[in-house]
Asks: 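Just dropping this structure here.
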Amino acid sequence: MTNSESETRTVIVEREIPHPPEKLWRALTQPHLIEEWLMKNDFDPVVGHRFNLRGEWGGVLDCEVLTVEPHRSLSYSWNFSHDDAAYDLKSVVTFTLTPTGAGTHLRMEQAGFRPSQRQAYGGAKAGWQQFLANLEKVVAGLE
């Protein structure tokens with residue numbers, strides 16, 4: 001394998017959310033709230049828990065919780081099996097929450113896009129912008 005084949009790309013989206021980390025954490029870890037901003041799921045915030053995210057487009061992502069640091073950090077695998085190598089994705093999504101004077105700085109990283117996966121990478125860049133906009137709306141609606 002050449003060096004360029006082993007290199008991967010990462011999508012990073014950051015936003016300031018005018019709510020405390022605890023409130024944001026609820027939307028990142030409660031299945032009914034995750035469904036509102038991301039996808040249908042059977043998520044449980046326990047390291048090692050395997051779950052699926054089911055998209056409206058018919059795709060199913062196979063995931064496993066990798067890290068849970070309440071109100072600070074959450075990561076899970078985000079794998080999509082596909083016959084076409086350009087879409088056969090093995091990646092990791094990490095959310096990092098940092099308290100700020102105005103709420104929370106949210107950083108989302110999805111790492112693992114191979115150079116041949118330009119379309120999947122571009123789709124993720126656009127998709128995460130929309131997902132996080134939806135997340136912000138869900139958080140704003142929480143008591």
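These values consider heavy atoms only, across backbone and side chains, with no hydrogens, waters or symmetry-generated copies.
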Asks: Quick check: closest heavy atoms across Leu66 and Ser77, and the distance to 0.1 Å?
Replies: CD1-N, 3.7 Å
Asks: With a cut-off of 3.5 Å and sequence neighbours excluded, list every side-chain donor-acceptor pair involving residues 39-48.
Replies:
| from | atom 1 | to | atom 2 | distance (Å) |
| --- | --- | --- | --- | --- |
| Asn41 | OD1 | Phe43 | N | 3.1 |
| Asn41 | ND2 | Pro31 | O | 3.1 |
| Asn41 | ND2 | Met39 | O | 3.0 |
| Asp42 | OD1 | Asn52 | N | 2.7 |

Asks: Please examine the side chains of Glu143 and Lys23, heavy atoms only from C-beta on, and report whether any two atoms are closer than 4.5 Å.
Replies: no
Asks: Testing the basics here: between Pro18 and Glu136, what is the closest heavy-atom pair and its distance to 0.1 Å?
Replies: CD-OE2, 3.5 Å
Asks: Quick one: do Val68 and Leu135 end up in the same hydrophobic cluster if we chain Ile, Leu, Val, Met, Phe, Trp and Tyr together by side-chain heavy atoms under 4.5 Å apart?
Replies: yes
Asks: Decide whether Leu24 and Phe131 are clustered together by the hydrophobic rule: side chain heavy atoms of Ile, Leu, Val, Met, Phe, Trp, Tyr closer than 4.5 Å, transitively.
Replies: yes
Asks: In the structure I gave you, are the side-chain heavy atoms of Thr8 and Tyr121 within less than 4.5 Å of one another anywhere?
Replies: no
Asks: Within a strict 4.5 Å, meaning less than it, do heavy atoms of the Leu74 and Glu69 side chains meet?
Replies: no
Asks: Using side chain to side chain contact (heavy atoms under 4.5 Å, CB included), reason through His49 and Glu64 one step at a time and then give a plain yes or no.
Replies: CA-CA 6 Å; His49 175 71; Glu64 180 179 348; over 6 Å; no
Asks: Side chains of Phe113 and Val11: does their closest heavy-atom pair fall under 4.5 Å?
Replies: yes
Asks: Is there any ring-ring contact (aromatic ring centres under 6.0 Å, His included) pair reaching into residues 88-109, and which pairs are they, with sequence neighbours excluded?
Replies: Phe95-Trp128
Asks: Return the CG to CG distance between Leu28 and Leu33, rounded to the nearest 0.5 Å.
Replies: 9.5 Å
Asks: How many angstroms lie between CD1 in Ile17 and CG in Leu132, if you round to the nearest 0.5 Å?
Replies: 6.5 Å
Asks: What do the steps show when you test Lys125 against Arg9 for side chain to side chain contact (heavy atoms under 4.5 Å, CB included), and what is the final call?
Replies: CA-CA 11 Å; Lys125 278 183 85 166; Arg9 296 171 73 189; 5.8 Å; no
Asks: Does atom CZ of Arg54 have more than 12 heavy-atom neighbours from other groups under 6.0 Å away?
Replies: yes
Asks: Who passes salt bridge (Lys or Arg N to Asp or Glu O under 4.0 Å) against Glu35, sequence neighbours left out?
Replies: none
Asks: Rounded at 0.5 Å granularity, tell me how far CG in Leu53 sits from CG in Asn79.
Replies: 10.5 Å
Asks: Tell me whether Leu142 is reachable from Ile34 by hopping between hydrophobic residues (I, L, V, M, F, W, Y) whose side-chain heavy atoms are closer than 4.5 Å.
Replies: yes
Asks: Please tell me if the side chains of Asn134 and Glu36 come closer than 4.5 Å, counting only heavy atoms from C-beta onward.
Replies: no
Asks: Is there a side-chain contact between Arg72 and Leu97 (heavy atoms, below 4.5 Å)?
Replies: no
Asks: Identify whether Val13 and Tyr76 are in the same connected component of the hydrophobic contact network (ILVMFWY, side-chain heavy atoms under 4.5 Å).
Replies: yes
Asks: Flag the pair Pro99 / Thr104 as yes when at least one side-chain heavy-atom distance between them is below 4.5 Å, and no otherwise.
Replies: no
Asks: Hey, does Trp78 have a side-chain heavy atom less than 4.5 Å from the side chain of Asp62?
Replies: no
Asks: So which atom in Ser116 and which in Ala86 form the shortest heavy-atom distance, rounded to 0.1 Å?
Replies: O-CB, 3.9 Å
Asks: Can you pull the salt bridge (Lys or Arg N to Asp or Glu O under 4.0 Å) pairs that have at least one residue in residues 98-111, sequence neighbours excluded?
Replies: Glu14-Arg107, Arg107-Glu109
Asks: Please identify each residue that fulfils side-chain contact (heavy atoms from CB on, under 4.5 Å) with His71, with sequence neighbours left out.
Replies: Pro21, Glu22, Trp25
Asks: Find out if a path of hydrophobic residues (ILVMFWY) with successive side-chain heavy-atom gaps under 4.5 Å connects Val92 to Phe51.
Replies: no
Asks: Can you list every side chain to side chain donor-acceptor pair (under 3.5 Å) pair that touches residues 80-96, not counting sequence neighbours?
Replies: Tyr87-Gln119, Ser91-Gln110
